[in-house]
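Single-structure report; data block below.
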Amino acid sequence: MASVPSKLYSDDVSLVMVLLDTNPFFWTTSSLPFSQFLSQVLAFLNSILLLNQLNQVVVIATGYNSCDYIYDSSSATNQSSEDGRLPALYSNLLQKLEEFIIRDEKLAKEEPRGKIASSLLSGSLSMALCYIQRVFRSGPLNPQPRILCLQGSPDGPEQYVAVMNAIFSAQRSMVPIDSCYVGAHNSAFLQQASYITGGVYVKPQHLDGLFQYLVTVFAADLHSRNFIQLPRPAGVDFRASCFCHKTTIDMGYICSVCLSIFCKHHKKCSTCGSVFGQAQSDNTSASDRKRKAPET
Amino acid sequence: MASGQVTKRVKYKTSVKDPGTPGRLLLTMEKLAFRPNNPNSASKFDMEFRYIKNHKYTKEGSNKAPMLNLTSNQGVSYIFEFENYNDLQVCKEFVGKALSKSGETPKPADTSQSLSEQPSTEELLLRMNLLRENSELQKLHKRFVSDGVLTDAEFWATRKKLLSGDLSRKSKQRVGLKSVMLSDSKPLIDGRTNKVTFNLTPEIVREIFAEKPAVHQAYLNVVPNKMTDKDFWTKYCRAEYLHHSKNAHAAAAEAAEDEELALFLKPDDILASETRRKIRCVDPTLDMEADQGDDYTHLPDHGIVRDGSKEITDSQNEPYMRTLLQDLNRHSAVVLEGTAIDDEQLKDTQTVAEALIQSKQGHKTANEEDDGNASQEKLNRISKMMEIEDLQGSNDLPLAPLCIKDPRDYFDSQQACAFKTSRDTTIGTEAVSTREAYGSLRDSISQIKVMGLNDPIIKPEVAMKVLSVLTHNISSTKYHLGKNPRESVLDGFPNKIKEDLLHHWMSIEELLRHYWSSYPVTTAYLYAKVNRLKDAMSKIDSQLQVILAEMKESVQSDLRNQLTLLIRPMQQALEAAMQHHDADLQKRLAKSGERPNGYV
């Protein structure tokens, strides 16, 4: 997808919104330890800031119960709280992250059952898009924004509608959504997001080399993507989840007014309220039954 | 009866001699139902009007009982005996309406006409045009309708949008007024007999009435009470003749004698007052010089003197002069306003007059309301002197236009769906408690804080491995899928195969659409349709298999793989539909035993 040419002061200034998955239930079972993951991501964030003086990075943590802004490179409150070992960027970020996790834990309501619970991807996508809109309206010159999802938790089908809405608004504002999925199986939501918005989806095979993946594929700004070849996935999983039970389905019923998807036949669409045409089988089967009684 | 249904007490007979079962007959626009008074009686039934071929009834004057005989297209006749002839009358009318609504024409027993109307000739023409222009549509049409899998009506039922688009364009257009000034047509002057013949058609009359409201008013006042139509027009033509002769004195002289003639010769009062009103409504913020001078009806040539000499006109005769400019201006104003009458109303002068009056009434009331508000608004506006918004630059953010993609673009990405393994398998995790999970996360963070980042971030060998994997991946997809990232797998195939595949895909989509919309199967017609569709589907399925078999030899190996991946979802969809059909059939057979065709 072509980048927006008119709003920038230099072709390759970028604003990268990084959505960091901090779902504890995923990280306890992941083959990649969280500390290794985090250290590679931190190095990557620093590299982005090194690429161009005007680059901006904003990190949003996608938690299990909530989402929040963790780090904003353009904010003035980046005092150096260096303790010799870590530069300011890292210590700030880690501090905020820890506070976020403590808050998130307090919001926990119940234990997840069975499969790994999903994190609130739709929430952090929406927060990222809101931030980007604010940047757009802040003045005539803006960096080119893009969203990078570092996700490992599986898709929550109950978030299907919200995620699709976020994807379409990103498409409309021409913000590509890149995804780097570090979980076990492919994520349908993120594949669709990258396909629709023109971003890149990568599921790294060698997780210990995650930093190399990030720097090779995701550090390129939008202008350079016009002449750099980036990996493309072989196919996209376009399955949707139904609106009534939130299960992923291949075949179902669709309301012709609002295109909501249902797995079973309903009398009325729950989204737009339109009444579906009656199935004639209701009448005839009733009369059929009544008719049989006197005959037998 | 104005309501949509009728209920009457009747006796239902299977033949005229039958004593009949008493009960109630319920008629709606789609079907009729008979409910016997005795709930245990077996002669209750429902019947749709589509299947009724014919209806007969006994005449009122005869001695027979009032009876209505409905014949279905299977040959069964249902006879209802009413209590009196009034009931019969009501039901007869209702049945007539219902039958004409369901478009019953005596058809053979083949009930394949499920739509309620025969398409009109225009619609048929439209369909043929569409088929001619769109070759894909034509191919689909040929494949299915000519082979009898789908009827013409069903094929077009899902494409109403294509048809209606054209229809609506044609029917709504109303012919406007001619810009030629008809009323200015020269009369036939016969020098020998000294007769002047004017030719007046309703069109010309309409124009006259539209341009000269005073004449219109006079016409309504005078005809048919005081004067006949012909006399009125004779006088009018005389006035026109006088005008054309440009003899102001003669005109004044005649006007002095005849009142009505004077009316025709003088400038139009009604028009003048309308114009004055319009001038008052002109917005001074736009047009600063609107004043009395714009009232063109009063000043010949807008007061502009043509050849520099002042024409000294006799003030008495001044009102009787009318110039070409005035006529032209008035005519153009009327043409631009448009006509509010249809061509059908141009039958004779009386109807034209009335029609114009009606349209004017509508305008007048609207105008009066507007006037009151308009002056207030005008004052507000003048005080604000707003800036012109149209000329400002737009301050929209650049937005990507809405882009609804052709499903064929997704055609080659469908192969991912072939991976039917369920992704929601539960991963066997030991139940980790919330606290432990969060705790371990926090530990990781503290660890980083203490240890700092790894040094090096990643080992060089790992980096090398990743780089080579990525490069290989990119170059191989580029090799396979081509340089253009938007190019699809399909383009890699030779043209013939590509077209075949697309055609098959479209046909399968069409079939599946009709198939799934026919469920639940309730009538014999739907059942037959479903069977036909299933046969067509199995035919396509075998065709696909043939393609696959052929391709195994002729196409290169990597393309072969792609082809399989492309065809597989099509086959899966067809299989799912056929399985559903078989399952449904089993259910039916189990349920209804001796009625295998499911017909109620």
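Computed from a prediction, not measured in an experiment: that's the story for all the values here. The sequence lines fix the lettering, A, B, ..., with proteins before strands; numbering per chain opens at 1. Both backbone and side-chain heavy atoms feed into the values below; hydrogens, waters and symmetry mates do not.
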Classify the ring geometry of Tyr438(B) against Phe25(A): parallel below 30°, tilted from 30° to 60°, perpendicular beyond 60°. perpendicular
Portion of Val217(A) that has a non-hydrogen atom of chain B nearer than 4.5 angstrom: side chain
Name the region of Lys459(B), side chain, backbone, both or neither, that has any atom closer than 4.5 Å to a heavy atom of chain A. neither
Flag the pair Arg442(B) / Ile102(A) as yes when at least one side-chain heavy-atom distance between them is below 4.5 Å, and no otherwise. yes
Quick one: which of Leu441(B), Val462(B), Ile448(B), Asp443(B) has the most heavy-atom pairs under 4.5 Å with chain A, could you say? Leu441(B)
Check whether any side-chain heavy atom of Tyr181(A) sits under 4.5 Å from a side-chain heavy atom of Gln191(A), and report yes or no. no
For chain B, find which of Leu97(A), Asp104(A), Leu42(A), Thr22(A) contributes the most heavy-atom pairs closer than 4.5 angstrom. Asp104(A)
Looking at every non-hydrogen atom in both residues, tell me the closest pair between Phe218(A) and Arg225(A) and how far apart they are. O-NH2, 4.2 Å
Leu38(A) and Leu20(A), any side-chain heavy atoms less than 4.5 Å apart: yes
Region of Tyr90(A) in contact with chain B, defined by heavy-atom distances below 4.5 Å: side chain
Which portion of Ala576(B) sits near chain A, non-hydrogen atoms under 4.5 angstrom: side chain
